Amino acid sequence: MNPSPSIQPPAQSTDPLMLRACRLEPVERTPVWLMRQAGRYLPEYRAIRDKVGFMELCKTPRLAAEVMIATVHRLGVDAAIIFSDLLPILEPMGLDLEFAQGEGPVIHNPVRTAADVDRVRELTDIDCLGFVMDTVRATRAGLDASIPVIGFAGAPFTLAGYCIEGGTSKAWLHTKSLMYTHESAWHDLADRIARAVSRYLVAQIDAGAQIVQVFDSWVGCLSPDDYRRYVLPHSRTAIAAAAKRVPTIHFATGNPALLPLLREAGGSVIGVDWRIDLDAAWAIVGHDRAVQGNLDPAVLFADRDTVRRRTQEILDSVAGRPGHIFNLGHGIMPHTPVENVLELIATVKGV
Ligand code: CP3
C-alpha cells in the first residue's frame with residue numbers, strides 16, 4: 001500500500017514555481033536548483049572557508065544563510081536549500097563527529113556492536129540543533145518570496161551507515177554485517193534515527209522550511225529485498241510527519257530498482273539519479289508523483305555545448321509534463337566549472 005500523497009494547500013498560480021512543480025501543478029517553465037549548489041566549486045565559498053571551518057560555518061546561522069543567499073543570487077536558481085550538512089544531527093545523539101581537513105566526515109566512536117547501539121541517544125530535545133532552525137529563519141528572511149527554502153535531513157540508512165562505518169564507505173560492509181547478523185539492533189538504531197529525523201524535519205518546517213528533502217545518498221548499495229526489509233519502514237517513519245505539512249522530496253542514488261520502494265516509503269517528489277533515463281524513471285514512480293533530476297554531475301566537466309545539449313535532452317524527454325524539477329542526479333562536485341553550471345541553468349530557463 002502506498003501512503004497517500006501529502007496534504008497540500010489549494011493551487012495558487014502566484015506560488016513559487018518550485019512549490020507548484022512539487023504539487024504537480026502546471027508551470028510556465030521547469031524549476032531548477034542543484035544539490036550542493038553552495039560548495040567548493042564556487043570561489044566565493046572557498047574564500048569564506050579559508051577563514052571559517054566547515055562545522056563552524058554550519059553553526060553560525062548568519063553566515064550559513066549568507067552563503068546560500070549569495071549562491072541563489074549568483075546562480076539564479078529557483079530554490080534555496082539551507083546550508084548545513086547531513087551529519088550534525090548525530091552529535092546530540094552521542095556521536096563524536098569531525099570534518100577533518102580534506103578527508104570528509106569522521107566519526108571517532110562508530111557504532112559496531114549491539115551494545116554500541118544502546119549508547120546512541122534518543123533525540124528528544126531538538127533545541128540543541130537550534131542553529132539549524134536559525135539558519136532556516138535567516139535564509140527565509142533574506143530571500144524573495146518566489147524562492148522557497150528547502151530543509152533537509154539524511155535518511156535513516158545513510159545516517160546509520162555513517163554511524164556504523166565512522167565515515168564514508170564504498171561497500172558499507174560494517175553496516176550490512178550489523179544489519180544481517182544483529183537484525184534487532186539494526187532496527188533499534190535505524191528507528192531511533194528515523195524518529196530523530198522526523199522531529200528534526202518538523203522543527204525545520206516550524207522554522208519556515210517550505211519543502212523538505214530526505215537524502216538517502218548511499219542506500220543504492222542495497223537490493224530491493226533488503227531495502228524493503230531493513231530500510232523502508234524507517235524511511236517511512238522519517239518522512240511521514242513532515243509530509244502532512246509540506247511537499248517532501250525523497251532522494252536516493254545508485255540503484256534504479258529501488259524507485260518503486262522509495263515511492264512506497266513516501267515523498268511527493270522522488271529524486272532520480274542519472275543511472276536511468278528520467279522518463280523511464282517517472283513511468284516507474286508513477287505520474288501521480290513529481291520527479292527531480294537527473295543530469296549526471298560529470299557532464300558539467302564537458303564543454304558548454306555538451307552541457308546545453310544534455311540538459312535540453314532531459315527537458316525534451318519529459319516534454320513539459322507538470323511535476324518535473326530539474327536538478328543533477330547527485331551533488332555538484334568540487335572543481336566543476338562555474339560557467340557550465342550557469343549554462344545548465346540558462347538552458348532550463350530557456351535563455
Ligand atoms: O546543497 C547545498 O549546497 C547545501 C548544503 C549541503 C552540504 N551537504 C554542504 C557540504 C547539503 C544539502 C549536504 C548534504 C550532504 N552531506 C550529503 C547528501 C548529499 C549527497 O551528496 O548525497 C552527504 C552525503 C553529506 C556528507 C558529507 N558532507 C560528505 C561526504 C562531505 C565531504 C565530501 C564532500 O563532498 O565535500 C561533506 C562536507 C560538505 N557538506 C561540504 C559542503 C559544502 C564541503 C565541506 C568543505 O567546505 O570542505
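Atoms within a ligand are numbered from 1 in the order they appear, just like the ligands themselves. These figures come from a predicted structure and were not determined experimentally.
- By heavy-atom distance, the residue among Met35, Met55, Arg36, Gln37 lying nearest atom 25 (C) of ligand 1 is Arg36.
- Heavy atoms of Ile81 found under 4.0 angstrom from ligand 1 belong exclusively to the side chain.
- For atom 15 (C) of ligand 1, the nearest protein heavy atom (residue, atom name, distance) is Leu86 CG, 3.3 Å.
- Across Phe99, Trp218, Phe83, heavy-atom proximity to atom 38 (C) of ligand 1 is greatest for Phe99.
- For the atom pair CZ of Arg49 and NZ of Lys51, the computed distance is 12.0 Å after rounding to the nearest 0.5 Å.
- Using a non-hydrogen distance threshold of 4.0 Å, Met68 registers as a contact of ligand 1.
- At least one donor-acceptor pair under 3.5 Å links the side chain of Arg192 to the backbone N or O of Val120.
- For atom 39 (C) of ligand 1, the nearest non-hydrogen atom of the protein is Phe54 CZ, 3.5 Å.
- Between Arg199 and Glu122 a salt bridge is recorded (basic side-chain N to carboxylate O distance below 4.0 Å).
- Atoms of ligand 1 found under 4.0 Å from any heavy atom of Pro105, numbered from 1 in the order shown, are 29 (C), 30 (C), 31 (C), 32 (C).
- Residue Tyr162 places no N or O, backbone or side chain, under 3.5 Å from any N or O of ligand 1.
- In this structure, Arg29 contributes its side chain and Lys349 its backbone to no donor-acceptor pair below 3.5 Å.
- Within the structure, ligand 1 has Ile82 among the residues with a heavy atom less than 4.0 angstrom away.
- The proximity of Arg49 to ligand 1, defined as any non-hydrogen pair under 4.0 Å, is limited to the side chain.
- Between Phe83 and Tyr45, the distance from one ring center to the other falls under 6.0 angstrom.
- Close approach of ligand 1 to His330 (heavy-atom distance below 4.0 Å) involves ligand atoms 20 (C), 21 (O), 22 (O).
- The protein atom (non-hydrogen) at minimum distance from atom 11 (C) of ligand 1 is Phe152 CZ, 3.7 Å.
- Side-chain atoms of Asp225 and Ser223 form no donor-acceptor pair, as typed in the model, at a separation below 3.5 Å.
- Close N/O approach between Ala38 and ligand 1 is found [any backbone or side-chain N/O within under 3.5 Å].
- The shortest N or O to N or O distance between Thr168 and ligand 1 is not below 3.5 Å.
- For ligand 1, the atoms sitting less than 4.0 Å from at least one non-hydrogen atom of Gly104 are 32 (C), numbered in the order shown with element in parentheses.
- Phe215 CD2, 3.5 Å is the protein heavy atom nearest to atom 19 (C) of ligand 1.
- To the nearest 0.5 angstrom, Ile270 atom CD1 is 13.5 Å from Asn294 atom CG.
- Taken from CZ in Phe251 to CG in Asp216, the straight-line distance is 9.5 Å, to the nearest 0.5 Å.
- Interface of Ser217 with ligand 1, defined as ligand atoms under 4.0 Å from a residue heavy atom, comprises 18 (C), 19 (C), 20 (C), 22 (O), 24 (C).
- Of all protein heavy atoms, the one closest to atom 36 (O) of ligand 1 is Arg40 NH2, 2.5 Å.
- No side-chain heavy atom of Asn340 sits under 4.5 Å from any side-chain heavy atom of Arg308.
- In the vicinity of Tyr45, heavy-atom distances shorter than 4.0 Å reach the ligand 1 atoms 43 (C), 45 (C), 46 (C), 47 (O).
- Between the side chain of Asn327 and the backbone N or O of Trp33 there is at least one donor-acceptor pair closer than 3.5 Å.
- Side-chain polar atoms of Gln213 and Thr248 form no donor-acceptor pair below 3.5 angstrom.
- Side-chain atoms of Ser317 and Asp279 form no donor-acceptor pair, as typed in the model, at a separation below 3.5 Å.
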Take Tyr230 and Tyr180, measure what ring pair (Phe, Tyr, Trp, His ring centres under 6.0 Å) needs, and give me the verdict at the end. CA-CA 9 Å; Tyr230 298 107; Tyr180 298 146; 5.8 Å; yes
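- When non-hydrogen atoms are compared, ligand 1 lies under 4.0 Å from the backbone of Ser84 (N, CA, C, O) but not from its side chain.
- Residue contacts with ligand 1: Asp85 is placed with a nitrogen or oxygen under 3.5 Å of a nitrogen or oxygen of the ligand (distance criterion only).
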